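Beneath this line is the structure, given in structure tokens, with notes to follow.
Residue numbers begin at 1 in each chain, while the letters A, B, ... track the order of the sequences. From a predicted model like this one, the values you see are computed outputs, not experimental measurements.
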Amino acid sequence: MKIYNTLTKQLEEFEVTDNIVNMYVCGITPYSSSHLGHAMCAIVFDVIRRYMEYKGFKVNHIQNFTDIDDKMISAANEKGIEVSELAERNIQSYFDELKSLNVLPATEYPRATQEISEIIKIVNTLVERDDAYVIEGDVYFRVKNKSDYGKLSNRKVSDLEAGARLELDDSKEHPEDFALWKATKPGEPNWESPWGKGRPGWHIECTAMAIRYLGQTIDIHGGGVDLVFPHHENEIAQSESFTKVKPFARVWIHNGTLQYGSDKMSKSVGNIFSVSQALETYSPDSLRMFFLTSHYRSPLVFDEKTIKAQDKAISRLRSALKIVSGDSNPLPTNKFKQDFIDAMDEDFNTPKALAAIFDLARDINREGSNGRDVSSAQELLNELTQILGINIEDQNLSSNLDVAPFVELLLEIRNELRESKQFNIADSIRDRLESMNISIEDSQKNTTWKINY
RNA sequence: GGCGACGUAGCCAAGUGGUCUAAGGCGGAAGUUUGCAAAACUUUUAUUCGGCGGUUCGAAUCCGCCCGUCGCCUCCA
């Protein structure tokens, strides 16, 4: 299995010694509802995790919540509620959304505010070693002490200094030094520390949680590409300075960001499409498919038509699963399975893996109606789509609905009309049901119906 | 100013030196099937990969230049 590693900028063979994969994925700052970009990231790493488990690895999947920072505080103030309450609300709805999107729960979801003592311990060690310094209750990491600073994002400190947008803050020794601990301001949540009351800086919580839950060297660290700098760069700096162990993470995986219009979908730009809003308009599977039809590292442009088109593609897979298998000459499936695995082994090439799935579905449809035994091919189809977290089973939910007996009754009458060749009335029943979003399909054997969402 | 990514059919999107006269999906066209539809299947829809040069026996794939789009350098998944 090959994975593109942001740290080395190349495709690498992925190996672990003990079959356990320790994976840390940066989660959200729950100051407002999450948007489709967050959903995309969650789905990308969900598929990576599912595929690794399929390959026989045990995956420790840790995803954090940064539940204390400037934006948390100002959003809570605006709403007139406690920061903790704001976090709780948004985290709960995020969990609900992940569930709707069929994202498997992570092993743990640690929160920054519950790791304060670990954080203080780490900052303290860095201060004692002079890798950090204290100014009026703030603690800053001393970037010049980390000679390989910039190795992840391919930046040199001198370039950063030349950067036009870097804000000069006279209180820091160097403009690129970053806060590990921030002194409290009036009205802010705060914790006691050796440097006075305050709260953690942005990056330190991930260092604390990654080390605590996964150890000093983790196998995979992931997140959106927009986190590469400064967040992940700074995580590396502070973590490696603290543990004196390199590397902090062996493989860095970054997904491309979701674009909305001509810009990145981002809370601060305000061009967001929230997950809950999206779930009202699109099916979870079509959203998942939409994200997986392009490679995870490419930026993806939000496109309504493309998302909607996924439902039709998925229904092809569903009908392949429903086709009644014959009993002769079983359809061989090895090729499709191998194509799928080869694609996924190549840096999780989901578009290529999907191509194998659609090839399989077409063969099932063709050969199944030729009377061949396609039952094991159907099992494979189900197995492969599940690795991508796409649900093609359970579609007979319509029979559980309250309207089912009435629809069945109508179909019964309609089939009697068809038998007596009263097609006008039969067709009118079909048309009327269609206008109520119920479609009917007649086959040789029976008539099926489904509700169009 | 620095760092980086990308530009493939009507749309989305794989492919990164020969098997590419380029996968898969959506859409379009024709056909098989059907009472008619729908679904499914078959065939078809890029001799061409932003433009111009170059390297090579051979390039969508490597190199150079140009045009265009986007990301990061400030909060960000």
In whole angstrom, what separates Asp226(A)'s CG from C73(B)'s P?
8 Å

Using a cut-off of strictly less than 4.0 Å, decide whether Asn365(A) has a side-chain nitrogen or oxygen near OP1 or OP2 of A39(B).
no

Need one value for Asp69(A): base, sugar-phosphate or nothing, where a base atom within 4.0 Å counts as base even if backbone is also close, heavy atoms only.
nothing

Taking a pair as Watson-Crick or G-U wobble with both distances under 3.5 Å, which nucleotide is matched to G18(B)?
C57(B)

Every protein N/O lying under 3.5 Å from an N/O of nucleotides 7-13 of chain B:
residue: A13(B); atom: O2'; partner: Thr293(A); partner atom: O; Å: 3.3

Quickly work out the Asn446(A) CG to A38(B) C1' distance and round it to whole Å.
13 Å

Start with the C-alpha distance between Gln277(A) and Thr281(A), add both sets of side-chain angles, then the distance that settles side-chain hydrogen bond (donor to acceptor under 3.5 Å, both in side chains), and finish with yes or no.
CA-CA 7 Å; Gln277(A) 204 181 337; Thr281(A) 317; over 6 Å; no

Can you tell me the pairing partner of C49(B) across any strand shown, Watson-Crick or G-U wobble, with both distances under 3.5 angstrom?
none

Within this structure, what is the CZ-to-P distance between Arg432(A) and A38(B), rounded to whole angstrom?
21 Å

Residue Leu227(A), side-chain atoms from C-beta onward, closest of A77(B), C72(B), A40(B):
A77(B)

Side chain of Gln259(A) only, please: which of G71(B), G2(B), G15(B) is the nearest?
G71(B)

Check this for me: does any side-chain nitrogen of one of Asp442(A) and Arg414(A) sit under 4.0 Å from a carboxylate oxygen of the other?
yes

Select base, sugar-phosphate, or nothing to describe what Gly222(A) touches, counting heavy atoms under 4.0 Å on all strands.
nothing

Rounded to the nearest Å, what distance is computed from the CZ atom of residue Arg297(A) to the C1' atom of nucleotide G71(B)?
15 Å

Sequence neighbours excluded, which residues qualify as salt bridge (Lys or Arg N to Asp or Glu O under 4.0 Å) partners of Arg89(A)?
Glu85(A)

What's the verdict on side-chain hydrogen bond (donor to acceptor under 3.5 Å, both in side chains) for His203(A) and His232(A), showing C-alpha distance, side-chain angles and the deciding distance?
CA-CA 8 Å; His203(A) 319 292; His232(A) 288 162; over 6 Å; no

Hey, is Arg318(A) close enough to Asp285(A) for a salt bridge, meaning N to O under 4.0 Å?
yes

According to a strict under-4.0 Å criterion, is Lys156(A) in side-chain N/O contact with OP1 or OP2 of G2(B)?
no

Report which part of the nucleic acid Gly37(A) touches: base, sugar-phosphate, or nothing (heavy-atom distance under 4.0 Å, all strands).
base

May I ask you to say what Asp359(A) touches in the nucleic acid, namely base, sugar-phosphate or nothing, with a heavy-atom cut-off under 4.0 Å?
sugar-phosphate

With a 3.5 Å limit on both atom pairs, tell me what A5(B) is paired to, counting Watson-Crick and G-U wobble, or say none.
U69(B)

In whole Å, what is the span from the NE2 atom of His38(A) to the C1' atom of C75(B)?
11 Å

Tell me the salt bridge (charged side-chain N to carboxylate O under 4.0 Å, His left out) pairs involving residues 255-268 of chain A, sequence neighbours left out?
Asp226(A)-Lys264(A)

Tabulated below should be each protein N or O lying under 3.5 Å from an N or O of nucleotides 30-37 of chain B; please produce it.
residue: G35(B); atom: O6; partner: Arg418(A); partner atom: NE; Å: 3.0
residue: G35(B); atom: N1; partner: Asp427(A); partner atom: OD1; Å: 2.9
residue: G35(B); atom: N2; partner: Asp427(A); partner atom: OD2; Å: 2.6
residue: C36(B); atom: O2; partner: Arg430(A); partner atom: NH2; Å: 2.5
residue: C36(B); atom: N3; partner: Arg430(A); partner atom: NH1; Å: 2.9
residue: C36(B); atom: N3; partner: Arg430(A); partner atom: NH2; Å: 3.3
residue: C36(B); atom: N4; partner: Asp442(A); partner atom: OD2; Å: 3.3
residue: A37(B); atom: N6; partner: Asp442(A); partner atom: O; Å: 2.7
residue: A37(B); atom: N1; partner: Asp442(A); partner atom: N; Å: 3.0
residue: A37(B); atom: N3; partner: Arg430(A); partner atom: NH1; Å: 2.9

Between Phe248(A) and Trp252(A), what is the ring plane arrangement, given parallel below 30°, perpendicular above 60°, and tilted in between?
tilted

Any strand is fair game: report the nucleotide pairing with U44(B) by Watson-Crick or G-U wobble, both distances under 3.5 Å, or none.
G28(B)

Roughly, in whole Å, what's the span from NE2 in His231(A) to C1' in A77(B)?
10 Å

Between atom CG in Leu360(A) and atom P in G25(B), what is the gap in whole Å?
12 Å

By nearest nucleotide on RNA chain B, pick out whichever of Phe358(A) and Ala361(A) is the more 5' one.
Phe358(A)

Hey, is CG on Asp327(A) packed in by over 12 heavy atoms from elsewhere, all under 6.0 Å?
no

Ignoring backbone atoms, test whether Arg316(A) places a side-chain nitrogen or oxygen under 4.0 Å from the OP1 or OP2 oxygen of C41(B).
yes

Polar pairs (N or O, both sides) under 3.5 Å between protein and nucleotides 42-45 of chain B?
residue: U42(B); atom: OP1; partner: Arg366(A); partner atom: NE; Å: 3.2
residue: U42(B); atom: OP1; partner: Arg366(A); partner atom: NH2; Å: 3.0

Could you check whether any side-chain N or O of Lys9(A) sits under 3.5 Å from a backbone N or O of Leu152(A), counting only pairs where one atom can act as donor and the other as acceptor?
yes

Looking at every strand, decide which applies to Ala309(A) at a 4.0 Å heavy-atom threshold: base, sugar-phosphate, or nothing.
sugar-phosphate

Take a 6.0 Å sphere around CG of Asn424(A) and say whether it holds more than 12 heavy atoms from other residues, nucleotides or ligands.
no

Interatomic distance, Asn271(A) CG vs G71(B) P [rounded to whole Å]:
10 Å

For A37(B), which nucleotide is its Watson-Crick or G-U wobble mate, given both distances must be under 3.5 Å?
none

Centroid separation under 6.0 Å, is that true for the rings of Tyr140(A) and Phe178(A)?
no

Inter-nucleotide P distance (U33(B), G28(B)), Å rounded
22 Å

G4(B) phosphate, OP1 or OP2, under 4.0 Å from Asn154(A) side-chain N/O
yes

Got a salt bridge between Asp96(A) and Lys99(A), using NZ or NE/NH1/NH2 to carboxylate O under 4.0 Å?
no

Can you list every pair that meets salt bridge (charged side-chain N to carboxylate O under 4.0 Å, His left out) and has a residue in residues 368-389 of chain A, with sequence neighbours left out?
Lys337(A)-Glu383(A), Glu367(A)-Arg372(A)

Checking contacts here: which listed nucleotide (A40(B), A77(B), G24(B)) is nearest the side-chain heavy atoms of Met265(A)?
A77(B)

For the side chain to side chain contact (heavy atoms under 4.5 Å, CB included) test, which of Asn234(A), Asp138(A), Val123(A) pairs with Leu180(A)?
Val123(A)

Base, sugar-phosphate or nothing for Met289(A)? Non-hydrogen atoms, less than 4.0 Å.
nothing

Just call it for Ile323(A): base, sugar-phosphate, or nothing, with non-hydrogen atoms closer than 4.0 Å on any strand.
nothing

